[in-house]
Amino acid sequence: MSSTVSVDGVVDQHLLDQLVDGVVARPRAERAATVAPFTAQPLAEVPVSTVEDVATAAAAARDAAHGWAARPVVERVRIIGRIHDLVLDRRAEIADLVQAEAGKARRDAFEEVADVALAARYVAARGPQVLRERRRVGLIPGLTRAVEAHRPKGVVGVISPWNYPLTLAISDCLPAFAAGNAVLHKPDQQAMLTALLARSIAIEAGLPEALWQIVSGDGPVIGGAVVEHADYVSFTGSTSTGRIVAARLGERLVGASLELGGKNPMLILDDADLDRAAESAVRACFSNAGQLCMSMERLYVAAPIRGPFLERFLARVDGLRLGAAFDYSRDMGSLMSQAQLDKATAHVGDAVAKGARVLAGGRARPDLGPWFHEPTVLDGVRPGMLAADGETFGPVVAVHTVGSDDEAVELANDTPFGLNASVWTGDVRRGLAVARRLRSGVVNVNEGYAAAWGSHDLPIGGVGWSGLGRRHGREGILRYTETQAIAVQRGHGITPLPGMDYDTFAELMTRSLRVMRRLGRP
Ligand code: NAD
């Protein structure tokens, strides 16, 4: 524990004052209270930006972007490398604030710290290589020099949710900075403090202050204003908001990556290592109390292993330690808000009322804190129940029994979402074959989510209602650039030589086109 958050979760006033100073808002702006999920008590008063403030922030970001883009990419990523080091050095203070603001278990807060380090390391190490100019195949060999270059978009709008207040605030900004952009950022109102701390760490690492502008306020109004000013938008949030953002950007012909919701399936095939699968399923279903876009809400278990798998899984679920503690003594923390608790309770209540059975958990736990809910396993969830059709985004998972791999694949694909899936088997080739049949942007074999998510060289994103575009990997950097095609032509060019008639030119062209194909030239 650091000295910035007391054992009761009260954040040091000096730190709060410093942090909220980072919001772009006029003096004496209206303030909005944020709440600590462990206690439902007020946590901080954050200035609220106006639409005019967003315009001011966008203009300042645009100004700063010019000088930044002119700096060599190696210089830009050196700062990102320093962010990596500072985040690790200050992990206790960061974890405290993340826990105070998001009510999560400390291990979930530390996962965010580690993930930002991974993201920063990847961008710092690979950014220059990904962004460098590349020779491409020219029209006339030896005479046409073709070069692919990547220019920054300018001002990248980042709109982030509350569930991973650190990693979803900063990890999408780092590649934008590496590519030479400024960022206009609207975190969720309940995740402002962590985003502001991340920004102050980036500034300490050497990032020019004006390059990362943070605005605060209501989603449709202030998020909407960010969408109006940005040259590209990285949006993470719900599918319904993603649609609104995409429609507006469509009118402006501005691009976006949309990282949206999921209803993720885990397939446990009949030859799976049951201890490992059960252990991983607990993490994949209940990390961050299920408020994780990659988390599993549907388990498809092969009929012959249903009994032994459930025995192992349920014993581990029963053993999870819930509670509000600023140390590693608890496995699962609180839900984020009354709305999140209401949703989890409604999904469980509706399922039970319609005939589902509770195998583990099933209840809210007001004795632990206002918004705690037990990790819950349901059996007999069928279409038409809330827990079957929509994303719960809470600690609730439904178990289904399947008779074959084909049935598991068919049921897993029976959803408009397609973010993450997990396959468990003792035969990796079988796992890969199943993975190829899943309609999902991400598939983990013999892991729940961390293998793919943590491999920052892999592009991550969803299909269908789970989104558009990819974060991480080359794509995660290049999305923030406009690709520019530059060709330099030497010699006479692509027209008939002086005095040559067009019949002869067409004949010559036809012959050389045939030769090129025979030579296998692209
Ligand atoms: P949300 O869509 O309500 O809000 C996300 C962000 O958008 C917030 O900052 C919010 O203020 C802002 N916003 C709201 N309305 C807006 C509008 N009209 N225009 C612009 N911005 C607007 O989502 P949430 O409830 O905060 O987050 C939970 C959802 O996010 C879940 O569905 C979860 O699956 C998804 N999520 C997805 C990923 C991923 O990588 N795919 C990661 C985390 C969360």
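Just follow the structure's listing: the first ligand is 1, and inside any ligand the first atom is 1. Heavy-atom basis, side chains included; hydrogens, waters and symmetry copies ignored.
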**Message:** Over 60° means perpendicular and under 30° means parallel, so tell me whether W453 and H472 are parallel, tilted or perpendicular.
**Reply:** perpendicular
**Message:** Between D457 and R474, does any side-chain N to carboxylate O distance fall below 4.0 Å?
**Reply:** no
**Message:** Under a 4.0 angstrom heavy-atom cut-off, which atoms of ligand 1 come close to L168?
**Reply:** 42 (C), 43 (C)
**Fill in**
Here the atoms of ligand 1 under 4.0 Å from any heavy atom belonging to L419 are 41 (N)
**Prompt:** Would you say the side-chain atoms of H456 and D115 include a donor-acceptor pair closer than 3.5 Å?
**Reply:** yes
**Asked** Looking at N163, which atoms of ligand 1 are within less than 4.0 Å of one of its heavy atoms?
**Response** 43 (C), 44 (C)
**For T241, the ligand 1 atoms whose distance to one of its heavy atoms is below 4.0 Å** = 1 (P), 2 (O), 3 (O), 13 (N), 14 (C), 15 (N), 16 (C), 17 (C), 22 (C)
**Message:** Tell me whether E101 contacts the main-chain N or O of P165 through its side chain, where contact means a donor paired with an acceptor under 3.5 Å.
**Reply:** no
**Request:** For atom 27 (O) of ligand 1, grab the closest protein heavy atom and report residue, atom and distance to one decimal in Å.
**Result:** P161 CB, 3.6 Å
**Prompt:** Are K263 and E391 ion-paired here, with the side-chain N under 4.0 Å from a carboxylate O?
**Reply:** no
**Message:** Within the structure, is a non-hydrogen atom of S240 found at a distance of less than 4.0 Å from ligand 1?
**Reply:** no
**Item:** N163 versus N288, side-chain donor and acceptor atoms under 3.5 Å
**Value:** no
**Prompt:** If you count the atoms of ligand 1 from 1 in the order shown, which ones are under 4.0 Å from a heavy atom of V245?
**Reply:** 19 (N), 20 (C)
**Request:** Flag atom 4 (O) of ligand 1 as yes if some protein heavy-atom distance to it falls below 4.0 Å, otherwise no.
**Result:** no
**Message:** Within the structure, is a non-hydrogen atom of Y164 found at a distance of less than 4.0 Å from ligand 1?
**Reply:** no
**Geometric class of the W465/F417 ring pair [parallel <30°, tilted 30-60°, perpendicular >60°]** = perpendicular
**Prompt:** Can K104 be said to sit on top of F38's aromatic six-ring, NZ or CZ under 6.0 Å from centre and within 45° of the ring axis?
**Reply:** no
**Request:** Please verify whether a non-hydrogen atom of G224 lies at under 4.0 Å from ligand 1.
**Result:** yes
**Request:** Consider ligand 1: state whether an atom of it lies below 4.0 angstrom from any non-hydrogen atom of G467.
**Result:** no
**Prompt:** Is ligand 1 under 4.0 Å from a heavy atom in the side chain of M294, in the backbone, in both, or in neither?
**Reply:** neither
**Item:** Atoms of ligand 1 close to R471 [distance to a heavy atom under 4.0 angstrom, numbered from 1]
**Value:** 39 (C), 40 (O)
